[in-house]
J.: 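Below are the C-alpha coordinates for one structure; questions will follow.
Worth knowing before you read on, the calculation uses all heavy atoms, side chains too, and leaves out hydrogens, waters and symmetry mates. The first residue of the sequence shown is numbered 1, and numbering continues consecutively from there. In each ligand, atom 1 is the first atom listed, and ligand 1 is the first ligand listed.
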Amino acid sequence: MIIVMHPDATEAEVALVVERLRSVGAEVSITTDDGRTVVHGSIETLLQDEAPWDSFPGVERVMPVLRGGRRVGREFKSDDSIVRVGSVQIGDGELCVIAGPCAVESRDQLITTAESVAQSGASILRGDAFKPRTSPYTFQGLGKAGLEILAEARDLTGLPFVAEVIDPRDVELVASYADMVRIGTRNMSNQALLCEVGRQPKPVLLKRGRAATVEEWIDAAEYVHSEGNPSIVLVERGVRGFDTSARNTLDLTAVPVAKKETHLPVMVDPSHAAGRRDIVGPLARAAVAVGADGVLIDVHPNPAAALVDGAQALLPSEFATLMDQLRAVAAAIR
Ligand code: PEP
Ligand code: MN
(Lines give C-alpha, C1' and ligand atoms only; values in the text may rest on other atoms or scores of the structure.)
(Ligands and ions follow the chains in the order given, each with its own letter.)
Protein backbone atom coordinates (compact mmCIF):
# COMPACT_ATOMS: atom_id res chain seq x y z
CA MET A 1 0.00 0.00 0.00
CA ILE A 2 1.06 3.56 -0.57
CA ILE A 3 0.55 6.34 1.93
CA VAL A 4 1.00 9.89 0.72
CA MET A 5 1.84 12.41 3.46
CA HIS A 6 0.81 16.07 3.50
CA PRO A 7 3.48 18.41 2.09
CA ASP A 8 3.92 19.82 5.59
CA ALA A 9 3.93 16.49 7.46
CA THR A 10 6.55 16.36 10.18
CA GLU A 11 9.28 13.74 10.52
CA ALA A 12 7.52 12.41 13.60
CA GLU A 13 4.29 11.93 11.66
CA VAL A 14 6.13 10.02 8.93
CA ALA A 15 7.86 7.92 11.59
CA LEU A 16 4.51 6.97 13.12
CA VAL A 17 3.26 5.67 9.77
CA VAL A 18 6.49 3.76 9.15
CA GLU A 19 6.36 2.23 12.60
CA ARG A 20 2.77 1.10 12.12
CA LEU A 21 3.57 -0.56 8.78
CA ARG A 22 6.66 -2.27 10.17
CA SER A 23 4.70 -3.54 13.14
CA VAL A 24 2.62 -5.72 10.77
CA GLY A 25 5.63 -7.04 8.91
CA ALA A 26 5.79 -4.65 5.97
CA GLU A 27 9.07 -3.67 4.44
CA VAL A 28 8.97 0.09 4.14
CA SER A 29 10.57 2.40 1.64
CA ILE A 30 10.23 6.15 1.40
CA THR A 31 10.25 8.32 -1.69
CA THR A 32 9.26 11.89 -2.38
CA ASP A 33 6.78 13.02 -4.97
CA ASP A 34 5.94 16.63 -5.72
CA GLY A 35 7.26 17.78 -2.37
CA ARG A 36 5.43 15.09 -0.47
CA THR A 37 6.82 12.15 1.43
CA VAL A 38 5.42 8.89 0.09
CA VAL A 39 5.60 5.80 2.25
CA HIS A 40 5.46 2.42 0.46
CA GLY A 41 4.60 -0.68 2.43
CA SER A 42 5.72 -3.90 0.72
CA ILE A 43 2.72 -5.93 1.72
CA GLU A 44 -0.96 -5.34 1.50
CA THR A 45 -2.42 -6.04 4.88
CA LEU A 46 -5.76 -5.82 6.52
CA LEU A 47 -4.39 -2.59 7.88
CA GLN A 48 -6.19 -0.80 5.14
CA ASP A 49 -9.43 -1.73 6.82
CA GLU A 50 -8.18 -1.80 10.36
CA ALA A 51 -5.86 1.15 10.71
CA PRO A 52 -7.62 4.51 10.64
CA TRP A 53 -5.10 5.86 8.17
CA ASP A 54 -7.12 8.92 7.36
CA SER A 55 -6.94 10.04 10.95
CA PHE A 56 -3.18 9.45 11.28
CA PRO A 57 -1.62 12.90 11.66
CA GLY A 58 0.06 14.11 8.50
CA VAL A 59 -1.54 11.55 6.16
CA GLU A 60 -2.98 13.11 3.03
CA ARG A 61 -4.29 9.99 1.31
CA VAL A 62 -3.92 6.26 1.17
CA MET A 63 -3.63 4.75 -2.26
CA PRO A 64 -5.19 1.34 -2.59
CA VAL A 65 -2.59 0.61 -5.27
CA LEU A 66 -0.47 -2.20 -4.06
CA ARG A 67 3.20 -2.71 -4.27
CA GLY A 68 3.98 -6.37 -4.66
CA GLY A 69 0.29 -7.16 -4.51
CA ARG A 70 -2.89 -6.88 -6.52
CA ARG A 71 -6.50 -6.10 -5.78
CA VAL A 72 -7.52 -9.35 -7.44
CA GLY A 73 -4.98 -11.21 -5.28
CA ARG A 74 -5.63 -13.22 -2.16
CA GLU A 75 -3.37 -10.86 -0.22
CA PHE A 76 -5.94 -8.14 -0.83
CA LYS A 77 -9.03 -10.24 -0.09
CA SER A 78 -8.71 -13.69 1.39
CA ASP A 79 -12.24 -14.99 0.89
CA ASP A 80 -13.66 -16.12 -2.47
CA SER A 81 -15.46 -13.48 -4.51
CA ILE A 82 -18.92 -14.25 -5.81
CA VAL A 83 -19.81 -12.59 -9.10
CA ARG A 84 -23.46 -11.86 -9.87
CA VAL A 85 -24.75 -12.09 -13.44
CA GLY A 86 -28.41 -11.13 -13.45
CA SER A 87 -29.91 -13.48 -10.88
CA VAL A 88 -27.09 -16.04 -11.24
CA GLN A 89 -24.09 -16.25 -8.93
CA ILE A 90 -20.70 -17.51 -10.06
CA GLY A 91 -18.28 -18.73 -7.39
CA ASP A 92 -20.82 -19.56 -4.69
CA GLY A 93 -20.02 -23.27 -4.74
CA GLU A 94 -22.71 -24.17 -7.26
CA LEU A 95 -21.59 -25.26 -10.71
CA CYS A 96 -22.27 -22.54 -13.29
CA VAL A 97 -22.70 -23.64 -16.90
CA ILE A 98 -22.66 -21.06 -19.68
CA ALA A 99 -23.88 -22.52 -22.95
CA GLY A 100 -24.93 -21.49 -26.42
CA PRO A 101 -23.54 -21.01 -29.90
CA CYS A 102 -20.22 -19.36 -30.61
CA ALA A 103 -22.01 -16.67 -32.61
CA VAL A 104 -25.56 -15.44 -33.09
CA GLU A 105 -26.27 -16.35 -36.70
CA SER A 106 -30.03 -15.92 -36.91
CA ARG A 107 -33.04 -15.52 -34.65
CA ASP A 108 -34.10 -19.12 -35.19
CA GLN A 109 -30.66 -20.56 -34.48
CA LEU A 110 -30.23 -18.56 -31.27
CA ILE A 111 -33.72 -18.98 -29.85
CA THR A 112 -33.74 -22.74 -30.54
CA THR A 113 -30.38 -23.12 -28.82
CA ALA A 114 -31.31 -20.88 -25.90
CA GLU A 115 -34.50 -22.82 -25.21
CA SER A 116 -32.72 -26.16 -25.30
CA VAL A 117 -29.81 -25.18 -23.06
CA ALA A 118 -32.23 -23.57 -20.60
CA GLN A 119 -34.20 -26.80 -20.47
CA SER A 120 -31.02 -28.81 -19.83
CA GLY A 121 -30.15 -26.59 -16.87
CA ALA A 122 -27.62 -24.06 -18.18
CA SER A 123 -27.41 -20.94 -16.01
CA ILE A 124 -26.24 -18.38 -18.55
CA LEU A 125 -26.60 -18.11 -22.33
CA ARG A 126 -23.62 -17.37 -24.56
CA GLY A 127 -23.65 -16.08 -28.13
CA ASP A 128 -21.64 -13.34 -29.79
CA ALA A 129 -22.72 -10.42 -31.89
CA PHE A 130 -19.15 -9.30 -32.54
CA LYS A 131 -16.65 -11.99 -33.52
CA PRO A 132 -12.86 -11.53 -33.54
CA ARG A 133 -12.14 -13.64 -36.64
CA THR A 134 -8.71 -14.57 -37.88
CA SER A 135 -9.63 -13.77 -41.48
CA PRO A 136 -11.36 -10.49 -42.38
CA TYR A 137 -13.34 -12.33 -45.07
CA THR A 138 -15.26 -14.59 -42.69
CA PHE A 139 -18.49 -13.93 -40.77
CA GLN A 140 -17.86 -11.10 -38.30
CA GLY A 141 -21.14 -11.25 -36.35
CA LEU A 142 -24.53 -9.54 -36.64
CA GLY A 143 -23.58 -6.56 -34.47
CA LYS A 144 -26.43 -4.72 -32.77
CA ALA A 145 -29.05 -6.97 -34.42
CA GLY A 146 -27.38 -9.94 -32.73
CA LEU A 147 -27.61 -8.25 -29.33
CA GLU A 148 -31.31 -7.67 -29.90
CA ILE A 149 -31.84 -11.37 -30.61
CA LEU A 150 -29.91 -12.27 -27.46
CA ALA A 151 -32.09 -9.92 -25.42
CA GLU A 152 -35.17 -11.57 -26.88
CA ALA A 153 -33.80 -15.01 -25.94
CA ARG A 154 -33.26 -13.75 -22.39
CA ASP A 155 -36.89 -12.60 -22.23
CA LEU A 156 -38.10 -15.98 -23.49
CA THR A 157 -35.91 -18.22 -21.33
CA GLY A 158 -35.04 -16.11 -18.30
CA LEU A 159 -31.34 -16.82 -18.89
CA PRO A 160 -28.96 -13.86 -18.55
CA PHE A 161 -26.44 -13.69 -21.39
CA VAL A 162 -22.78 -12.99 -21.95
CA ALA A 163 -21.42 -11.54 -25.19
CA GLU A 164 -17.94 -10.63 -26.36
CA VAL A 165 -16.82 -7.08 -26.90
CA ILE A 166 -13.82 -6.52 -29.15
CA ASP A 167 -13.68 -2.75 -29.54
CA PRO A 168 -13.56 -0.15 -26.74
CA ARG A 169 -16.03 1.92 -28.77
CA ASP A 170 -18.62 -0.88 -28.48
CA VAL A 171 -18.36 -1.46 -24.73
CA GLU A 172 -21.28 0.82 -23.94
CA LEU A 173 -23.45 -0.79 -26.62
CA VAL A 174 -22.68 -4.40 -25.64
CA ALA A 175 -23.00 -3.65 -21.93
CA SER A 176 -26.35 -1.96 -22.49
CA TYR A 177 -27.77 -5.31 -23.71
CA ALA A 178 -25.63 -8.03 -22.11
CA ASP A 179 -25.70 -9.14 -18.49
CA MET A 180 -21.97 -9.86 -18.67
CA VAL A 181 -19.30 -8.79 -21.16
CA ARG A 182 -16.55 -11.09 -22.34
CA ILE A 183 -12.96 -10.29 -23.23
CA GLY A 184 -11.66 -12.92 -25.63
CA THR A 185 -8.28 -14.56 -25.78
CA ARG A 186 -7.04 -12.23 -28.52
CA ASN A 187 -7.82 -9.17 -26.43
CA MET A 188 -6.59 -10.26 -23.02
CA SER A 189 -3.69 -7.86 -23.32
CA ASN A 190 -5.62 -5.02 -24.92
CA GLN A 191 -5.28 -2.66 -21.98
CA ALA A 192 -7.48 0.04 -23.49
CA LEU A 193 -10.32 -2.47 -23.76
CA LEU A 194 -9.65 -3.87 -20.27
CA CYS A 195 -9.82 -0.36 -18.81
CA GLU A 196 -13.02 0.41 -20.70
CA VAL A 197 -14.81 -2.68 -19.33
CA GLY A 198 -13.38 -1.78 -15.93
CA ARG A 199 -15.18 1.55 -16.08
CA GLN A 200 -18.65 0.07 -16.57
CA PRO A 201 -20.67 -1.91 -14.04
CA LYS A 202 -21.49 -5.18 -15.84
CA PRO A 203 -19.47 -8.24 -14.76
CA VAL A 204 -16.56 -9.25 -16.97
CA LEU A 205 -15.64 -12.73 -18.21
CA LEU A 206 -11.92 -12.61 -18.91
CA LYS A 207 -10.44 -15.31 -21.11
CA ARG A 208 -6.79 -16.20 -20.76
CA GLY A 209 -4.65 -15.10 -23.71
CA ARG A 210 -3.69 -18.07 -25.83
CA ALA A 211 0.00 -17.42 -25.19
CA ALA A 212 -0.32 -15.72 -21.81
CA THR A 213 1.13 -16.95 -18.55
CA VAL A 214 -1.17 -17.20 -15.55
CA GLU A 215 0.62 -14.13 -14.12
CA GLU A 216 -0.12 -12.08 -17.24
CA TRP A 217 -3.75 -13.20 -17.14
CA ILE A 218 -4.07 -12.13 -13.52
CA ASP A 219 -2.45 -8.79 -14.35
CA ALA A 220 -5.05 -8.34 -17.08
CA ALA A 221 -7.77 -8.87 -14.46
CA GLU A 222 -6.02 -6.28 -12.33
CA TYR A 223 -6.48 -3.72 -15.12
CA VAL A 224 -10.23 -4.26 -14.97
CA HIS A 225 -10.31 -4.10 -11.17
CA SER A 226 -8.05 -1.05 -11.03
CA GLU A 227 -10.64 0.92 -13.01
CA GLY A 228 -13.31 0.18 -10.43
CA ASN A 229 -14.99 -3.03 -11.57
CA PRO A 230 -14.36 -5.94 -9.16
CA SER A 231 -16.83 -8.35 -10.83
CA ILE A 232 -14.43 -10.48 -12.83
CA VAL A 233 -14.50 -14.18 -13.72
CA LEU A 234 -11.36 -15.79 -15.16
CA VAL A 235 -11.66 -18.36 -17.97
CA GLU A 236 -8.99 -20.89 -18.93
CA ARG A 237 -9.55 -21.75 -22.61
CA GLY A 238 -6.40 -23.51 -23.67
CA VAL A 239 -3.02 -22.23 -24.72
CA ARG A 240 -1.03 -22.70 -27.90
CA GLY A 241 1.31 -25.63 -27.70
CA PHE A 242 3.32 -27.77 -30.06
CA ASP A 243 0.68 -30.48 -30.36
CA THR A 244 -1.80 -30.24 -33.20
CA SER A 245 -4.15 -33.00 -32.01
CA ALA A 246 -6.45 -30.38 -30.52
CA ARG A 247 -6.87 -26.71 -31.35
CA ASN A 248 -5.22 -25.68 -28.07
CA THR A 249 -3.83 -27.40 -25.00
CA LEU A 250 -6.21 -27.08 -22.07
CA ASP A 251 -4.12 -26.01 -19.11
CA LEU A 252 -6.00 -27.39 -16.13
CA THR A 253 -3.04 -26.50 -13.92
CA ALA A 254 -4.08 -22.89 -14.34
CA VAL A 255 -7.36 -23.48 -12.49
CA PRO A 256 -6.05 -24.28 -8.99
CA VAL A 257 -3.17 -21.84 -9.49
CA ALA A 258 -5.47 -18.94 -10.38
CA LYS A 259 -7.82 -19.87 -7.55
CA LYS A 260 -4.94 -19.85 -5.13
CA GLU A 261 -3.44 -16.59 -6.36
CA THR A 262 -6.72 -14.68 -6.73
CA HIS A 263 -10.08 -14.50 -5.01
CA LEU A 264 -11.89 -14.52 -8.38
CA PRO A 265 -14.09 -17.34 -9.70
CA VAL A 266 -12.34 -19.43 -12.35
CA MET A 267 -14.16 -21.16 -15.20
CA VAL A 268 -13.01 -23.37 -18.08
CA ASP A 269 -13.97 -23.33 -21.76
CA PRO A 270 -13.27 -26.85 -23.03
CA SER A 271 -14.96 -26.12 -26.37
CA HIS A 272 -12.46 -23.48 -27.49
CA ALA A 273 -9.61 -25.48 -25.99
CA ALA A 274 -10.50 -28.63 -27.91
CA GLY A 275 -11.79 -27.24 -31.18
CA ARG A 276 -13.38 -30.69 -31.66
CA ARG A 277 -16.61 -31.95 -30.21
CA ASP A 278 -15.53 -35.51 -29.37
CA ILE A 279 -13.30 -34.45 -26.47
CA VAL A 280 -15.35 -31.56 -25.07
CA GLY A 281 -17.16 -33.88 -22.61
CA PRO A 282 -14.08 -35.43 -20.96
CA LEU A 283 -12.37 -32.01 -20.71
CA ALA A 284 -15.47 -30.44 -19.19
CA ARG A 285 -15.76 -33.23 -16.60
CA ALA A 286 -12.07 -32.83 -15.76
CA ALA A 287 -12.52 -29.06 -15.38
CA VAL A 288 -15.26 -29.55 -12.82
CA ALA A 289 -13.21 -32.18 -11.02
CA VAL A 290 -10.19 -29.87 -10.81
CA GLY A 291 -12.29 -27.26 -9.03
CA ALA A 292 -13.49 -24.86 -11.71
CA ASP A 293 -16.50 -22.78 -10.71
CA GLY A 294 -18.11 -23.58 -14.01
CA VAL A 295 -17.67 -24.28 -17.71
CA LEU A 296 -18.54 -22.66 -21.04
CA ILE A 297 -19.90 -25.06 -23.65
CA ASP A 298 -20.57 -24.35 -27.32
CA VAL A 299 -23.95 -25.74 -28.38
CA HIS A 300 -25.50 -25.48 -31.86
CA PRO A 301 -28.68 -27.01 -33.28
CA ASN A 302 -26.94 -27.78 -36.59
CA PRO A 303 -23.17 -27.72 -36.11
CA ALA A 304 -22.48 -28.73 -39.73
CA ALA A 305 -24.08 -25.48 -40.88
CA ALA A 306 -22.53 -23.24 -38.18
CA LEU A 307 -20.83 -20.11 -39.48
CA VAL A 308 -18.26 -20.22 -36.66
CA ASP A 309 -16.71 -23.06 -34.65
CA GLY A 310 -19.14 -25.77 -35.76
CA ALA A 311 -16.53 -28.51 -35.25
CA GLN A 312 -16.54 -28.04 -31.49
CA ALA A 313 -20.26 -27.43 -30.92
CA LEU A 314 -22.34 -30.07 -29.17
CA LEU A 315 -25.83 -30.90 -30.31
CA PRO A 316 -28.51 -29.91 -27.76
CA SER A 317 -29.04 -33.61 -26.94
CA GLU A 318 -25.30 -34.13 -26.32
CA PHE A 319 -25.31 -31.08 -24.10
CA ALA A 320 -28.21 -32.47 -22.07
CA THR A 321 -26.25 -35.67 -21.43
CA LEU A 322 -23.13 -33.70 -20.49
CA MET A 323 -25.12 -31.60 -18.01
CA ASP A 324 -26.14 -34.76 -16.15
CA GLN A 325 -22.53 -35.90 -16.03
CA LEU A 326 -21.29 -32.52 -14.83
CA ARG A 327 -23.85 -32.43 -12.05
CA ALA A 328 -22.66 -35.88 -10.94
CA VAL A 329 -18.99 -34.82 -10.96
CA ALA A 330 -19.80 -31.61 -9.06
CA ALA A 331 -21.73 -33.56 -6.44
CA ALA A 332 -18.90 -36.08 -6.12
CA ILE A 333 -16.19 -33.53 -5.48
CA ARG A 334 -18.37 -31.52 -3.10
C1 PEP B 1 -15.47 -17.54 -27.99
O2 PEP B 1 -15.72 -17.87 -26.81
O3 PEP B 1 -16.30 -17.56 -28.90
C4 PEP B 1 -14.10 -17.16 -28.32
C5 PEP B 1 -13.81 -16.48 -29.42
O6 PEP B 1 -13.22 -17.60 -27.42
P7 PEP B 1 -11.65 -17.31 -27.31
O8 PEP B 1 -11.51 -15.84 -27.19
O9 PEP B 1 -11.26 -18.06 -26.09
O10 PEP B 1 -11.02 -17.88 -28.56
MN1 MN C 1 -15.89 -19.47 -30.85
J.: Are a donor atom and an acceptor atom from the side chains of E13 and H6 found within less than 3.5 Å of each other?
T.: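 Result is no, nothing qualifies.
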
J.: Determine all donor-acceptor pairs shorter than 3.5 Å in which one atom belongs to a side chain in residues 279-288; sequence neighbours excluded.
T.:
unit_1	atom_1	unit_2	atom_2	d
R285	NH1	Q325	OE1	2.7

J.: For R237, counting its heavy atoms only, list the atoms of ligand 1 lying under 4.0 Å from any of them.
T.: 7 (P), 9 (O), 10 (O)

J.: So, do V162 and I98 sit near enough that their side-chain heavy atoms are less than 4.5 Å apart?
T.: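 Result yes, sub-4.5 Å side-chain heavy-atom pair found.
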
J.: Could you tell me if any non-hydrogen atom of R182 lies under 4.0 Å from any atom of ligand 1?
T.: yes

J.: Just one of D128, L150, V181 clears the side-chain contact (heavy atoms from CB on, under 4.5 Å) bar with V174, so which one?
T.: V181

J.: Where's the contact between R126 and ligand 1, heavy-atom distance under 4.0 Å: side chain, backbone, both or neither?
T.: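 Under 4.0 Å from ligand 1, R126 contributes side-chain atoms alone.
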
J.: For the residue pair V235 and L206, establish whether any side-chain heavy-atom pair is separated by less than 4.5 Å.
T.: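 Side-chain contact under 4.5 Å: no.
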
J.: In terms of atom number and element, which parts of ligand 1 are under 4.0 angstrom from non-hydrogen atoms of K131?
T.: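 Near K131, the atoms of ligand 1 are 1 (C), 3 (O), 5 (C).
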
J.: Could you list which atoms of ligand 1 come closer than 4.0 Å to a heavy atom of K207?
T.: 1 (C), 2 (O), 4 (C), 6 (O), 7 (P), 9 (O)

J.: Is the closest side-chain heavy-atom distance between D92 and D80 below 4.5 Å?
T.: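 Heavy-atom side-chain distance check fails, nothing below 4.5 Å.
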
J.: Only counting residues at least two apart or in another chain, list the ones meeting side chain to side chain contact (heavy atoms under 4.5 Å, CB included) with Y223.
T.: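 Applying side chain to side chain contact (heavy atoms under 4.5 Å, CB included) to Y223 gives Q191, L194, C195.
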
J.: Got a second to check how far R126's CZ is from L110's CG, nearest 0.5 Å?
T.: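 Answer for the CZ-CG pair, R126 versus L110, is 11.0 Å.
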
J.: Measure V235 to ligand 1 on non-hydrogen atoms and call it side chain, backbone, both or neither using the 4.0 Å cut-off.
T.: neither

J.: With sequence neighbours left out, write down each residue that passes side-chain hydrogen bond (donor to acceptor under 3.5 Å, both in side chains) with E196, or none if nothing qualifies.
T.: R199

J.: I need the nearest protein heavy-atom contact for atom 8 (O) of ligand 1: residue, atom name and distance, please.
T.: T185 N, 2.7 Å

J.: So, Q312 versus R276: side-chain donor-acceptor pair below 3.5 Å or not?
T.: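 No pair is found: no donor N or O on one side chain lies under 3.5 Å from an acceptor on the other.
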
J.: Rounded to the nearest 0.5 Å, how far does CD of E236 lie from CE of M267?
T.: 13.0 Å

J.: Only heavy atoms of C102, strictly under 4.0 Å: list the atoms of ligand 1 that pass.
T.: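 Going through ligand 1 atom by atom, the ones under 4.0 Å from C102 are 3 (O).
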
J.: Go through ligand 1 atom by atom and flag the ones less than 4.0 Å from a non-hydrogen atom of D128.
T.: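 That gives atoms 3 (O) of ligand 1.
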
J.: Give me the nearest non-hydrogen protein atom to atom 4 (C) of ligand 1 as residue plus atom name, then the distance to 0.1 Å.
T.: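 Residue, atom and distance for the closest contact: H272 NE2, 3.4 Å.
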
J.: Any atoms of ligand 1 less than 4.0 Å from a non-hydrogen atom of G184? List them with their elements.
T.: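 Atoms satisfying the 4.0 Å criterion: 8 (O).
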
J.: Sum up the protein N, O or S atoms located under 2.8 Å from the Mn ion (ligand 2).
T.: 3

J.: So, taking the atom named CG in D167 and the one named CZ in F130, what distance separates them when rounded to the nearest 0.5 Å?
T.: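 The CZ atom of F130 is 8.0 Å from CG of D167, to the nearest 0.5 Å.
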
J.: Any atoms of ligand 1 less than 4.0 Å from a non-hydrogen atom of R186? List them with their elements.
T.: 10 (O)

J.: Purely on distance, is any nitrogen or oxygen of E164 under 3.5 Å from one on ligand 1?
T.: no

